[in-house]
Amino acid sequence: MAMQWWLCVCSLGILLLAPCFLSATFSLLGSLHPVVGVVGRDVVLPCQLSPPTRLPSMDVRWRKIGSGFIQVHEYSDEGSQDLPGESYQNRTELFLQEFSSGNISLKLKRLQVVDDGKYQCFVKNPEWSREATTELRVAAVAPVFIDVLGPRGQGIGMACRSAGWFPKPELQWVGKNWQNLTMEIVTSVTQDRENLYSVVSHVTVTEGEDNGDISCIVRNGLLETEQRSAIHLSGDVFPRVSPWLVAFWVLFTLVLIAAGACAYFGYTAKRKASQKKRSKEEALLLLEIEKKIWEAERDELLKTIDVVRNALESDKAIRELGFRRARSYMVPVTLDPDCKHPELTISKDGRGIQHDPASLGPATPSEALVAVGREGFVPRKDHDKERGTCRGYWEVEVGNSLDWELGVLSESVRGRVRQEKLERLPEEGCWALGRSEGLYHPGEANTVIQNLGVRLTVVGVYLDLERESLSFYSVNSMTLILEIPVEGSEKLFPFLSPGHAAGKDQGKPLSICPPSDWDFPQKLGVSGSDSQGDSRAPAQTPAPNDREGAENSTGPAIGKTAPSPGQHPAPADKEVEKTRERPSVGEHFQKFFSTKWRTGDKTQQEHQQLETPPRQKGKKNSPNPHV
């Protein structure tokens, strides 16, 4: 009996002291020395569990140490979570296959200057926790260039420049035998938005001991490396001035100064004498004449300003009429519930989608978050072979989402979405405008949107398969963003993709706006802070009922009086052609200033886009799509 009691006491003691033994047994090791990485490349921040093993129910957290903790990457065995921090999207990776050997290091991709600092590796399970610190030092180097500026006094001016260094570099000029140049050197160092340093140094090299090879050396103290550029100067390049020529120019300058002084004083004396002889009536008459001349010039200038203002307003009207013409082909577009990614939820009206991965169980085989529309658009050559249309316009409300993509894709790509075999959007058979990490793509679209100065909350999409083009418009400002060619012989379908956003941007919905009347401007239903982007933003009106859609089945649902696409031109076409008959801004400036006016490429391109596409004679247009 005493022996059993003793065994119970020992077992209880072992259970109570097990965490202490575990804490004393395992340790976490970081890097004793700073880890150095290069901007734009990948780096591994080491963290090793000793002895090498994998703890049960283990959580791993990587955080950057600053004024507080910044989340970099988090992993948890519970729920199989493996998420990067908000500022480290698509830039972090853990070596999950090496957890069994105790390797919980972090791979940080595409280094930036702001990544420089200290990082904490924190590991815990229900009975144990440890942390280790690793310091990351970021460095960058760049090529060095020497520019010869030309003669400067008795020497040759040169400049050394280099951009893209971190941390702050050191610059040195050396001559022959690697001796430092003794003349005056002016060096300036600046820092850009990405915290990279640029250095510019100027020096004037004179003929003498500095003649020969001149080198500019820029060093990075952290990497202990340097970049250099050299140039050879011969004695023939230095300016040589004859003393007789210098004396001649000095004498010539003195003569010119004396002649100018005599002319000035003579003119002043004659003017004073003339003013004394001029009577009061003559002075008043001269003032009156000068006043009339000034008034005539002022009136002519005001007329010119009015002409320029009217011409600029006409150009703006042409751009807006191009948007109105595209919008006249508005068609109803709904999403197909049977042709979407399993993690996407489609609204009851078939126009909205939302990504909600937390509501699902195991991961799905498809990685492309895509929902495809029911309606398809037929290429021009197949327009008469099957029922469908080759033109269509619809609008998508993206709100303030930072990650989305929309456009059209081919029928073969649509089949892969239906079969859940599409891992990512392909380059062939997909034409789209998107936004990722706050930037729009393609790049030319990002430039246009930034220049507009208006938030892009509603995107207009115009597909014209007769012209084989896909256009994207900013509905808020009625401006063309991007036009891309569309090639292929397959039927095309609209699609939406909310992207793989995480954190606060995860789950933001996208919605297709219902068809509205052709008249403009109106107010769009923009939610959130983006509704303040542009007070001119138009609003959607209810779509026409089924009866009206049946009566106007050969054209977009834009009201009873709207013309059908392909049968009659949109009202905007006539206004565009009338506006084109007006003289342009360049013609007014040629008439008034007698100089050449060059119209910008963007305006010419917009005018070409507003041209009415060719109409087929003797053929009826096929009805609107409703696949």
Side-chain angles (χ1 to χ4, degrees), residues 33-43 108-117 135-253:
H33 304 285
V35 177
V36 179
V38 180
V39 172
R41 299 183 183 177
D42 302 346
V43 69
L108 189 56
K109 304 176 182 179
R110 300 184 299 279
L111 276 182
Q112 303 173 3
V113 174
V114 294
D115 295 334
D116 189 274
E135 183 178 3
L136 172 63
R137 297 297 306 275
V138 179
V141 296
V144 178
F145 304 95
I146 292 181
D147 299 327
V148 179
L149 305 179
R152 294 290 187 272
Q154 298 297 318
I156 299 295
M158 292 191 301
C160 177
R161 55 184 175 84
S162 184
W165 290 78
F166 192 86
K168 187 176 180 180
E170 298 178 356
L171 185 142
Q172 180 184 12
W173 287 94
V174 296
K176 60 182 180 180
N177 300 325
W178 298 101
Q179 297 296 324
N180 292 334
L181 298 186
T182 57
M183 65 283 300
E184 181 179 359
I185 299 174
V186 179
T187 303
S188 62
V189 181
T190 58
Q191 202 169 9
D192 58 15
R193 294 181 179 179
E194 298 178 358
N195 296 325
L196 293 175
Y197 288 94
S198 299
V199 58
V200 179
S201 181
H202 293 82
V203 66
T204 301
V205 180
T206 57
E207 185 178 10
E209 62 177 1
D210 299 320
N211 185 19
D213 293 330
I214 305 298
S215 299
C216 177
I217 303 173
V218 183
R219 295 186 179 89
N220 187 310
L222 180 60
L223 294 178
E224 296 183 355
T225 185
E226 63 183 28
Q227 296 288 328
R228 67 180 63 185
S229 179
I231 188 172
H232 180 77
L233 298 178
S234 63
D236 298 335
V237 301
F238 292 96
R240 302 180 183 277
V241 181
S242 172
W244 293 105
L245 183 61
V246 174
F248 170 76
W249 280 110
V250 172
L251 181 60
F252 181 72
T253 302

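The shortest non-hydrogen separation linking V138 to V113 is CG1-CA, 4.2 Å. For A140 against V39, the heavy-atom pair with the smallest separation is CB-CG2, 3.7 Å. A230 and S215 get closest at one heavy-atom pair: CB-OG, 3.4 Å. When all heavy atoms of I231 and M158 are compared, the pair lying nearest together is CG2-SD, 3.8 Å. For V189 against Y197, the heavy-atom pair with the smallest separation is CG1-CD2, 3.7 Å. Closest approach of L181 to G175, counting heavy atoms only: CD2-N, 3.6 Å.
Among residues two or more places apart in sequence or in another chain, the side-chain contact (heavy atoms from CB on, under 4.5 Å) test is passed with T187 by L171, I185, V199, S201. Residues forming a side-chain hydrogen bond (donor to acceptor under 3.5 Å, both in side chains) with R228 (at least two apart in sequence, or on another chain): E226. Taking the side-chain hydrogen bond (donor to acceptor under 3.5 Å, both in side chains) definition, one finds that E170 meets it with nothing, sequence neighbours left out. Qualifying side-chain hydrogen bond (donor to acceptor under 3.5 Å, both in side chains) partners for K168, counting only residues two or more places apart in sequence or in other chains: none. Residues satisfying the side-chain contact (heavy atoms from CB on, under 4.5 Å) criterion with P34, sequence neighbours excluded, are E135, R137. Partners of H33 by side-chain hydrogen bond (donor to acceptor under 3.5 Å, both in side chains), not counting sequence neighbours: none found.
Ring geometry for F252 against W249 counts as perpendicular: the plane angle is over 60°, on a 0 to 90° scale with 30° as the lower cut.
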Could you please spell out the steps behind the side-chain contact (heavy atoms from CB on, under 4.5 Å) verdict for D115 and V43?
CA-CA 11 Å; D115 295 334; V43 69; over 6 Å; no
Verdict with reasoning, I214 to V203, per side-chain contact (heavy atoms from CB on, under 4.5 Å)
CA-CA 11 Å; I214 305 298; V203 66; 5.7 Å; no
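With rounding to the nearest 0.5 angstrom, the CG atom of N195 is 10.0 Å from the CG atom of D116. Between atom CZ of residue R219 and atom OG1 of residue T225 there is a gap of 10.5 Å, rounded to the nearest 0.5 Å. Atom CZ of F145 and atom OG of S162 lie 7.5 Å apart (nearest 0.5 Å). In this structure, CD1 in I146 is found 4.0 Å from OG in S229, a value given to the nearest 0.5 Å.
When atom types are taken as modelled, the side chain of N220 and the backbone of F166 share a donor-acceptor pair closer than 3.5 angstrom. Remark: the backbone N or O of V174 is not paired with any side-chain donor or acceptor of N180 at under 3.5 angstrom.
Annotation for E194: atom CD does not count as buried by contact number, only 12 or fewer foreign heavy atoms lying within 6.0 Å. In R41, the CZ atom is not crowded: 12 or fewer heavy atoms of neighbouring residues, nucleotides or ligands sit closer than 6.0 Å.
Each of L136, D42, V35 was compared with L108 under the side-chain contact (heavy atoms from CB on, under 4.5 Å) criterion, and only L136 meets it.
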